[in-house]
Amino acid sequence: MNFINQIDEFPYQVTLFLLGCQILIRCKYKVCLDGIAATFSPVVCIPSHTPDVVIDCDWEKAGRYLFRTRPPEDTEPLFGVQVHTQGKLAESDWPFLEPPIPPLVVEPFRNRFIGLHAGSVQTSSGKCLIFLGNRGSGKTTTTLALVNNHKCSLLTDETVFIHRRTKLVEPFPRSVHLRETHNGSLRKVSVSADKACQVVADKPALATHIIFLEPDEKVQEQEFSSLTPAEAFRNFLKHHLNAGCCPDESMVTLFKLACEVPAFMYRYTTYEDLLSLPEKCLEIC
């Protein structure tokens, strides 16, 4: 790619090694670049070859929609963000609702991964655990406890990317959102994954165990139960995310996971119940 004529317009640069590809990000403002680099700090790298994707951004700050899907009613392009791929300059600003970092809906990312709203860790013995659940179900609490207290490494905190038709989980160490008390109220703060976690994984891992988290006030005591492949598949559908893969390939991959990877459901009532989950997970591994 030849971007020599644009160097003065986007003087601040960082390269990310993200989901197996090198992404060169160029910003007009340093504050924006710093925000992007902090979000993906574990994967900031020294370029080793021509970038697979180049992203130009003239935003003053790194807004959330650089990393998160926009609402369906937002029909305008993401003004000020251009994604250049396959050696060609973008003809317009980013037109998709999906975020440009990483640009999953274009080459070379498109049709490579299926996505799950989940967290994942790798144990010291090489096992790979995936935790799925709705917002607030305990994914971050569980993954961080395993990493910081039980010698596991973080693959991802919020979104799991699995290579299609495989069980291979790709590292995706984006900033971790932690809860803290401020002036008597609870709020979430964003912390770089390498600051929140003792060890961050830098290589893919094969999924070996899947645990669905379900807070349930009706449960009198915590329940840890095995799921059939059919039950696991139905639960996968609740947490499936668009990661640039066609629906047929996504369903084939989810079915493979349901049939080949042991799945469990953990129902619990209290926060203390949740804190006991890491040790239970290590026992079943």
Side-chain angles (χ1 to χ4, degrees), residues 1 3 6-71 74 76-86 89-90 92-110 112-113 115 119 140 154-161 170-178 188-197 200-202 241-244:
M1 297 183 185
F3 298 95
Q6 295 176 296
I7 288 178
D8 292 338
E9 185 177 356
F10 300 100
Y12 302 104
Q13 303 184 10
V14 66
T15 299
L16 308 180
F17 184 70
L18 196 58
L19 299 178
C21 295
Q22 285 194 23
I23 303 175
L24 172 62
I25 299 177
R26 309 187 315 159
C27 295
K28 188 173 183 178
Y29 300 97
K30 185 177 185 300
V31 173
C32 182
L33 186 82
D34 290 344
I36 295 170
T39 299
F40 292 103
S41 59
V43 294
V44 172
C45 69
I46 298 173
S48 61
H49 56 74
T50 301
D52 300 291
V53 173
V54 175
I55 299 175
D56 289 336
C57 181
D58 69 5
W59 293 11
E60 293 188 15
K61 294 183 180 180
R64 64 179 298 182
Y65 292 130
L66 288 178
F67 321 114
R68 295 185 179 276
T69 300
R70 293 185 288 158
D74 192 349
E76 297 289 339
L78 205 59
F79 294 113
V81 179
Q82 293 190 336
V83 178
H84 313 291
T85 63
Q86 297 180 325
L89 290 172
S92 63
D93 291 330
W94 183 249
F96 306 101
L97 294 180
E98 289 77 11
I101 308 176
L104 294 166
V105 293
V106 299
E107 299 292 348
F109 295 94
R110 185 167 58 88
R112 287 182 63 197
F113 304 101
T140 297
L154 180 76
L155 282 158
T156 180
D157 163 63
E158 184 175 313
T159 307
V160 166
F161 291 102
E170 190 73 30
F172 188 67
R174 191 166 59 181
S175 291
V176 175
H177 291 87
L178 305 176
K188 277 192 171 184
V189 295
S190 180
V191 180
S192 299
D194 49 358
K195 292 182 179 179
C197 303
V200 177
D202 60 0
L241 301 174
N242 177 27

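The residues of the chain are indexed from 1 along the displayed sequence. Just the heavy atoms: all of them, side chains too, but no hydrogens, waters or symmetry mates, feed the values below.
At least one side-chain heavy atom of Ile101 sits less than 4.5 Å from a side-chain heavy atom of Ile55. Counting only heavy atoms from C-beta outward, the side chains of Thr85 and Val53 approach each other to under 4.5 Å. Counting only heavy atoms from C-beta outward, the side chains of Cys32 and Lys61 never approach each other to under 4.5 Å. The side-chain heavy atoms of Tyr12 and Lys28, taken from C-beta on, include no pair separated by under 4.5 Å. Between Trp94 and Pro103, the closest side-chain pair of non-hydrogen atoms falls below 4.5 Å. For the pair Val200 and Pro171, the minimum side-chain heavy-atom distance is 4.5 Å or more. Between Gln22 and Asp52, the closest side-chain pair of non-hydrogen atoms falls below 4.5 Å. Annotation: side chain of Thr159 is in contact with side chain of Arg174 (closest heavy-atom distance under 4.5 Å).
Of the possible donor and acceptor atoms, none in the side chain of Arg112 sits under 3.5 Å from a partner among the backbone N and O of Glu107. The backbone N or O of Val189 lies less than 3.5 Å from no partner atom in the side chain of His177, so there is not a single donor-acceptor pair.
Distance check, rounded to the nearest 0.5 Å: CG of Leu16 to SG of Cys45 gives 7.0 Å. The distance from the CZ atom of Phe161 to the CG atom of Leu155 is 13.0 Å, given to the nearest 0.5 Å. The CG atom of Asp56 sits 4.0 Å away from the CZ atom of Arg26 when rounded to the nearest 0.5 Å. Atom CG in Asp58 sits 5.5 Å away from atom CZ in Phe10 (nearest 0.5 Å). For the atom pair CG (Leu24) and OG1 (Thr50), the distance works out to 10.5 Å, reported to the nearest 0.5 Å. Here the straight-line distance linking atom OH of Tyr29 with atom SG of Cys57 works out to 10.5 Å at 0.5 Å rounding.
Contact between Leu19 and Phe113 at its shortest, heavy atoms only, is O-CZ, 3.7 Å. Contact record, Phe109 with Leu18: CE2-O, 3.6 Å, taken as the closest heavy-atom pair. Here the closest heavy-atom approach between residue Phe96 and residue Arg70 is recorded as O-NH2, 2.7 Å. Considering every non-hydrogen atom in both Glu60 and Val31, the closest pair reads O-CB, 3.7 Å. The two residues Pro47 and Thr15 make their nearest non-hydrogen contact at CG-OG1, 3.3 Å. In terms of heavy atoms, Tyr65 sits closest to Leu78 at O-CD2, 3.7 Å.
Taking 4.0 Å as the cut-off between side-chain N and carboxylate O, Glu158 and Arg68 count as a salt-bridged pair.
Checked against side chain to side chain donor-acceptor pair (under 3.5 Å), Thr140 has the following partners two or more places apart in sequence or in another chain: Asp157. Every residue two or more places apart in sequence or in another chain was checked for a side chain to side chain donor-acceptor pair (under 3.5 Å) with Ser92, and none qualifies.
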Result block: side-chain N/O donor-acceptor pairs under 3.5 angstrom for residues 33-44, not counting sequence neighbours:
residue	atom	partner	partner atom	Å
Asp34	OD1	Lys30	NZ	3.4
Asp34	OD2	Lys30	NZ	2.9
Thr39	OG1	Gly35	O	2.9
Ser41	OG	Asp194	OD1	2.8
Ser41	OG	Asp194	OD2	3.3

